[in-house]
Structure formats: structure tokens, C-alpha cells
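Reviewing the structure listed below.
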Amino acid sequence: AMLRLRLLTWDVKDTLLRLRQPVGQSYAAEARAHGLQVRPEALERSFREAYGAQSRRFPNYGHGQGLSSRQWWVDVVKQTFRLSGAHDNAVLTAVAEKLYRDFCSSHNWEVLLGASETLSQCCQRGFRMGVVSNFDSRLENILSQCNLRHHFEFVLTSEAAGFAKPDGRIFEEALRLGGVPPEQAAHIGDDYTRDYRAARAVGMHSFLLRAAGQGEGPEVPPEHILPTLSHLLARIEK
């Protein structure tokens with residue numbers, strides 16, 4: 001039977017947009033512009049470590065712990081460089097502030113194949129649309145610069161909501177913003193735990209973007225899997 005859906009909510013990173021190049025390469029290029037030579041591979045490893053530690057210590061960009069997301073990110077970038085052996089605080093601050101601004105623009109992000117077309121088709125079919133993303137306040141601007149913002153009635157970030165996926169409260173807030181009960185909504189994302197399972201836990205439908213041959217994840221009914229975004233409407237309308 002055709003799903004009676006009125007609202008579609010979307011994850012962003014690795015669902016609609018992806019980084020143009022690995023973080024280590026972006027960070028190394030910015031460091032070079034400031035006269036610092038640090039290897040991209042070292043920065044990539046250090047970034048994972050710094051990001052993981054900061055996320056455990058100050059979850060959801062330090063929301064409710066007195067940090068701004070800007071300060072949260074500046075600290076992550078500086079710690080990434082420190083772990084890679086760079087210690088000039090003035091230079092690291094300059095690099096971090098510049099990277100924070102750069103990751104706000106389409107300069108570092110690209111739209112995934114089929115995303116624009118699929119979003120346009122969903123809008124044409126009359127679906128209401130929103131974003132539910134574990135992201136900071138830069139997301140509105142990034143979506144605008146990548147020419148996707150106009151598809152969405154609302155952009156709900158974990159920073160604004162105060163809750164991060166897989167916390168069901170961020171999905172409940174999205175349903176409130178969309179004005180529909182959960183059984184009339186579906187969430188689309190690439191993460192099994194944060195997107196697929198979390199949306200289903202509040203009673204929504206969900207589709208998992210999982211490219212063919214991409215790691216064996218937990219079992220998901222094949223009709224809930226999207227090998228590409230362009231499979232979405234067929235799954236909804238079958």
C-alpha cells in the first residue's frame with residue numbers, strides 16, 4: 001500500500017551534502033597559508049581524536065555547558081593541530097577562525113548526486129520538507145550557499161533543538177514544526193542508529209541511504225534501503 005506521508009525530514013551530512021575533500025587536507029591547506037607545514041594524514045588522525053574527545057566532554061557543541069558552537073569548533077581545530085605537533089597559539093587561533101568560516105560555505109561542501117533532483121521532485125509531489133541534523137547554527141547558511149535551503153520549511157539542528165540524534169526529542173520537535181503525526185512522516189538519512197532506528201523509535205517511517213556494497217550494517221528490510229536518493233519516490237509510491 002502507498003504510504004500516506006505528508007512530511008519528509010532529511011539528514012544532511014553524507015545524505016544531501018558531503019565534504020569536498022577529507023578534513024585533513026582542508027586543515028593542511030589552511031595551515032600552509034599560515035606558514036605551517038603539517039601532514040594531512042596526521043591532521044586526519046588528530047582530528048578524529050580531538051573531535052571524539054570534545055564530543056564526549058561537551059556533547060552537542062557544548063549546548064547547555066556555556067560554550068558557543070563557534071568556540072567548540074575553534075577548540076577542536078586548535079587541539080587537532082596540537083596533537084599533530086603544532087603549538088603556536090596565535091597562529092592556531094587564526095587558522096581555526098578561518099576554518100570555522102570556510103566550513104560555513106559551499107567552498108568545502110558539495111551536493112551529492114541526485115539530491116537536488118530528488119528534493120525538487122518531492123516538493124513538486126506536495127510533500128512538506130524539513131531538515132533534522134546533528135549540526136551547528138552554520139547549517140542554514142551552508143544549505144543556502146549550496147542552493148538547497150529553499151526546499152525546506154524548517155532546518156532543525158541539534159544545536160537549536162538542544163538534543164542530538166538519536167535522542168527522540170529532536171524528531172518530536174520536527175513533527176511539531178511539521179504539524180503532522182509520526183505515522184505521516186518519514187526520515188531519510190545514512191546512519192542506522194541516529195537516522196533510521198531513531199526515527200522509527202518515535203513512530204516515524206524511515207529510509208536508510210546505503211550505497212551498494214557499503215559495509216554490512218544491521219539488517220534493514222530491503223524496501224527501507226535506498227541505494228541512491230533517486231530510489232526514494234519509488235519506495236514511497238510503490
Side-chain angles (χ1 to χ4, degrees), residues 1-19 60 109-135 139 142-143 146-158 161 163-238:
M2 189 165 145
L3 297 178
R4 300 257 176 262
L5 297 177
R6 289 167 58 207
L7 173 71
L8 301 178
T9 64
W10 296 80
D11 171 54
V12 174
K13 188 174 183 292
D14 298 324
T15 298
L16 298 175
L17 298 178
R18 69 174 171 206
L19 290 173
N60 195 18
W109 297 93
E110 63 188 1
V111 179
L112 280 159
L113 201 63
S116 295
E117 298 77 2
T118 300
L119 292 172
S120 295
Q121 288 165 355
C122 289
C123 285
Q124 282 159 15
R125 299 280 206 292
F127 291 110
R128 305 183 60 180
M129 309 254 279
V131 161
V132 179
S133 172
N134 286 358
F135 219 102
L139 188 56
I142 292 167
L143 289 168
C146 293
N147 198 28
L148 297 181
R149 176 63 186 90
H150 62 281
H151 294 299
F152 303 109
E153 284 183 31
F154 61 86
V155 172
L156 182 61
T157 63
S158 58
F163 308 110
K165 301 179 296 187
D167 191 315
R169 288 173 290 186
I170 192 170
F171 289 103
E172 285 162 1
E173 175 65 8
L175 293 167
R176 197 185 64 72
L177 288 170
V180 304
E183 61 276 10
Q184 293 180 4
H187 180 68
I188 300 99
D190 70 307
D191 188 283
Y192 172 78
T193 305
R194 288 191 287 264
D195 292 311
Y196 180 76
R197 205 178 66 194
R200 297 184 76 76
V202 300
M204 292 171 68
H205 298 272
S206 194
F207 296 95
L208 182 64
L209 183 63
R210 190 187 269 172
Q214 184 189 352
E216 280 312 298
E219 277 304 298
V220 173
E223 64 272 20
H224 296 167
I225 289 185
L226 306 176
T228 70
L229 284 181
S230 38
H231 287 72
L232 176 67
L233 282 166
R235 293 277 191 276
I236 292 175
E237 293 172 350
K238 72 164 192 346

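Counting non-hydrogen atoms of neighbouring residues, nucleotides and ligands closer than 6.0 angstrom, the CG atom of L19 exceeds 12 such neighbours.
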Pair L112-T228, side-chain contact (heavy atoms from CB on, under 4.5 Å): steps then yes or no: CA-CA 10 Å; L112 280 159; T228 70; over 6 Å; no
Stepwise side-chain contact (heavy atoms from CB on, under 4.5 Å) check, M129 with C123: CA-CA 8 Å; M129 309 254 279; C123 285; 4.0 Å; yes
Stepwise side-chain contact (heavy atoms from CB on, under 4.5 Å) check, L175 with M204: CA-CA 9 Å; L175 293 167; M204 292 171 68; 4.1 Å; yes
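Of the possible donor and acceptor atoms, one in the side chain of R149 sits under 3.5 Å from a partner among the backbone N and O of F152. Counting only distance, with no hydrogens or angles, the side chain of H187 and the backbone of T9 share a donor-acceptor pair below 3.5 Å.
Closest non-hydrogen pair, S133 versus I170, comes out as O-CD1, 4.5 Å. Residues A174 and L156 approach most closely at N-CD2, 3.7 Å, considering heavy atoms. Closest approach of G189 and T15 over heavy atoms only: CA-OG1, 3.5 Å. Pairing each heavy atom of D195 with each of D190, the nearest pair is OD2-N, 3.3 Å.
Salt-bridge check for R176 with E173: passed, with a basic side-chain N closer than 4.0 Å to an acidic carboxylate O.
Remark: I188 CD1 to L229 CG distance equals 8.5 Å, nearest 0.5 Å. With rounding to the nearest 0.5 angstrom, the CG atom of N60 is 8.0 Å from the OG1 atom of T157. The CZ atom of R210 sits 12.5 Å away from the NE2 atom of H224 when rounded to the nearest 0.5 Å. Remark: L17 CG to D11 CG distance equals 9.5 Å, nearest 0.5 Å. Going from atom CG of L7 over to atom CZ of R128 covers 7.0 Å, rounded to the nearest 0.5 Å. Atom CH2 of residue W10 and atom CG of residue L148 lie 10.5 Å apart, to the nearest 0.5 angstrom.
For E110, the salt bridge (Lys or Arg N to Asp or Glu O under 4.0 Å) partners at least two apart in sequence or on another chain are R18, R20. Evaluation of the side chain to side chain contact (heavy atoms under 4.5 Å, CB included) rule for L233 yields Q121, C122, R125, F127, E237 as partners, not counting sequence neighbours. By the side chain to side chain contact (heavy atoms under 4.5 Å, CB included) test, R235 is found to be paired with F207, L226, P227, H231, residues two or more places apart in sequence or in another chain being considered. Residues satisfying the side chain to side chain donor-acceptor pair (under 3.5 Å) test with T118, not counting sequence neighbours, are none. R194 meets the side chain to side chain contact (heavy atoms under 4.5 Å, CB included) test with N134, K165, P166, D191; sequence neighbours excluded. Taking E183 as the reference, P181 meet the side chain to side chain contact (heavy atoms under 4.5 Å, CB included) condition, with sequence neighbours excluded.
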